[in-house]
Amino acid sequence: MRWTQFLTLLLAAPGGAVVRFHCSQLVVERLDPLVNPGSIPSSHVHQIVGGNAFNATMDPAKDLPAESTCTTCEFSEDFSNYWTAVLYFRAQNGSYKRVPQLGNNQFETAKAGLTIYYMQDAIYDQGQKSKVKAFQPGFRMFVGDINARTLTDAARSRQLTYVCMDTWTSRAPETMAFPTRRCPEGIMTSLRFPTCWDGKNLDSPDHVSHMSYPETGTFESGGPCPASHPVRVAQVMYEVVWNTKIFDDLEWPADGSSPFVWSFGDATGYATHGDYVFGWKEDALQRILDAPCWFDTKCEKESNAKLQSIEAMNNCTQKAVVDEDIDGWLDALPGGFQADHGHNAA
Ligand SMILES: *[C@@H]1O[C@H](CO)[C@@H](O)[C@H](O)[C@H]1NC(C)=O
Ligand SMILES: *[C@@H]1O[C@H](CO)[C@@H](O)[C@H](O)[C@H]1NC(C)=O
Ligand SMILES: *[C@@H]1O[C@H](CO)[C@@H](O)[C@H](O)[C@H]1NC(C)=O
């Protein structure tokens, strides 16, 4: 759906919120307190946003709003951390260069980062009538599979997609593999987390199994949660805009494949993944979800939440603790990875 078409849907008053806001870049480096806690460096490069208490080790009992002195998110009470891997371009001589990110539509002056959504029903549902409980302190989750190299592997985590952006507001068509043509406005990655919680565990050893997709249908179609994961939660979605345009003039693979590679080597795109560490202050997220509102400024007004300026978001940064070159032309991806086209690659 085109962005403009989507905005015309926003005429009826919703019962609850579709919250949409941006978070600027906090830091880009090899740290991962969820999957590789304590490792400095962690396996691969991430781009991280949110509260500046982000660290190699993050005790789930830690009070993130109290430990942070600022956040890169527009809602100033959100000290959560949200992160993804980063994209690299692989030149025909085998060298890699990091693909920079852009702000998103309506957040053009934000310093990179990602856009977050929390929604109670499908984004195009004008009602947003399904009340949901906000996540609890200490809650974490992961979506995706870093070992996925085929469509079948990727389909196990639903709704992790790419859009080859013909215009700045393109949101379709979505693909599960990397786009293979030059995208006039860059590539958007979208990550939608599972929406059924087991109601007991704030995390699980694989960071996935305390969550589930609906038993049938999808979140969008109102599919029921399975008995093992009966609690329906808000859908968390990330959008990340990658400025691939700067590589349009270089030579691309002669076989028509994509020149882009995730920071852990996946050259298919099927292994896109995201990490979430909840850290909203007190009941701020619940208040916003319960307010009948769309996006950021309206939700600020309806819920009494506080927004900060994009300049203030951009001012919150963290110095990388891992000292290595992630931005030059590199012979290997940081951590030693090379492009992996999967089992069927020639
Ligand atoms: C990260 O953790 C280390 C070790 O506990 C600590 O010295 C450092 O101040 C922490 N950094 C941040 C940004 O909280
Ligand atoms: C590889 O190609 C890129 C893009 O043309 C170029 O900038 C870089 O210097 C090359 N690296 C080497 C080692 O030749
Ligand atoms: C952002 O940082 C700049 C430079 O330190 C400072 O002049 C400005 O007042 C800050 N703005 C906000 C909104 O914090």
Side-chain angles (χ1 to χ4, degrees), residues 21-42 46-83 87-100 103 107-113 137-138 182 243-254 257-261 267 277 279 281 296-297 300 306-323 325-334 336 338-339:
F21 59 97
H22 198 78
C23 303
S24 300
Q25 204 75 72
L26 178 70
V27 66
V28 180
E29 67 177 327
R30 280 203 288 150
L31 280 193
D32 187 342
L34 195 58
V35 176
N36 304 133
S39 297
I40 305 174
S42 67
H46 288 123
Q47 57 105 5
I48 299 121
V49 305
N52 70 341
F54 178 80
N55 213 330
T57 303
M58 291 176 76
D59 180 350
K62 190 158 125 173
D63 180 2
L64 292 183
E67 302 239 350
S68 296
T69 56
C70 66
T71 173
T72 73
C73 293
E74 190 184 15
F75 279 102
S76 58
E77 293 161 292
D78 185 8
F79 298 93
S80 305
N81 288 116
Y82 308 89
W83 67 93
L87 275 189
Y88 279 85
F89 171 83
R90 183 176 179 275
Q92 287 310 289
N93 62 12
S95 299
Y96 301 90
K97 178 91 174 148
R98 185 159 78 89
V99 181
F107 301 107
E108 286 80 1
T109 57
K111 196 184 60 192
R182 288 169 172 81
N243 188 7
T244 54
K245 292 175 281 185
I246 62 172
F247 302 104
D248 282 355
D249 292 338
L250 296 181
E251 201 186 326
W252 278 34
S257 63
S258 161
F260 299 106
V261 181
V277 171
K281 198 170 176 181
D296 48 357
T297 47
E300 175 188 37
K306 299 278 175 295
L307 293 184
Q308 59 177 344
S309 66
I310 290 184
E311 185 182 308
M313 290 157 56
N314 289 346
N315 271 5
C316 181
T317 56
Q318 200 182 60
K319 196 176 164 341
V321 294
V322 180
D323 182 19
D325 184 9
I326 58 171
D327 284 330
W329 281 100
L330 307 171
D331 294 338
L333 296 164
Q338 292 291 346

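All values reported here derive from a predicted model rather than from experimental measurement. Every number for a ligand or one of its atoms is a count from 1 in the order of the listing. Index from 1, following the sequence.
Ligand 1 places these atoms under 4.0 Å from at least one heavy atom of Q318: 13 (C). Atoms of ligand 1 found under 4.0 Å from any heavy atom of N52, numbered from 1 in the order shown, are 13 (C). Of all the atoms in ligand 3, the ones that sit under 4.0 Å from a non-hydrogen atom of N315 are 1 (C), 2 (O), 3 (C), 8 (C), 10 (C), 11 (N), 12 (C), 14 (O).
Checking each of Q318, Q47, K111 against Q25 for a side chain to side chain donor-acceptor pair (under 3.5 Å) leaves exactly one that passes, namely Q47. Each of T109, N314, T72 was checked for a side chain to side chain donor-acceptor pair (under 3.5 Å) with S24, and the lone residue meeting it is N314.
The N/O atoms of N93, backbone and side chain alike, include one that comes under 3.5 Å of an N/O atom in ligand 2.
Distance remark: protein heavy atom not present below 4.0 angstrom from atom 4 (C) of ligand 1. Protein heavy atoms are absent from the space less than 4.0 angstrom from atom 7 (O) of ligand 1. For atom 11 (N) of ligand 3, the nearest protein heavy atom lies closer than 4.0 Å.
Taking the six-membered ring where the residue is Trp, W252 and F89 present tilted rings, their angle falling between 30° and 60°. Using cut-offs of 30° and 60° on the angle between ring planes, the pair F107 and H22 is parallel.
The backbone N or O of C70 sits less than 3.5 Å from a side-chain atom of N52, completing a donor-acceptor pair. Remark: the backbone N or O of G51 is paired with a side-chain donor or acceptor of N81 at under 3.5 angstrom.
At a 4.0 Å heavy-atom cut-off, ligand 1 does not touch T57 at all. By the criterion of a heavy-atom distance under 4.0 Å, neither the backbone nor the side chain of E67 is placed next to ligand 1.
Distance from atom 9 (O) of ligand 3 to its nearest protein heavy atom, with residue and atom name: E311 OE2, 3.9 Å. Nearest non-hydrogen protein atom to atom 13 (C) of ligand 2 is S95 OG, 3.7 Å.
The heavy-atom pair separating M58 from A53 by the smallest distance is CE-O, 4.0 Å.
Here atom 1 (C) of ligand 1 lies nearest to N55 when heavy atoms of V27, N55, L31 are compared.
Within 6.0 Å of atom CG in N93, more than 12 heavy atoms from other residues, nucleotides or ligands are found, so the atom counts as buried in its surroundings.
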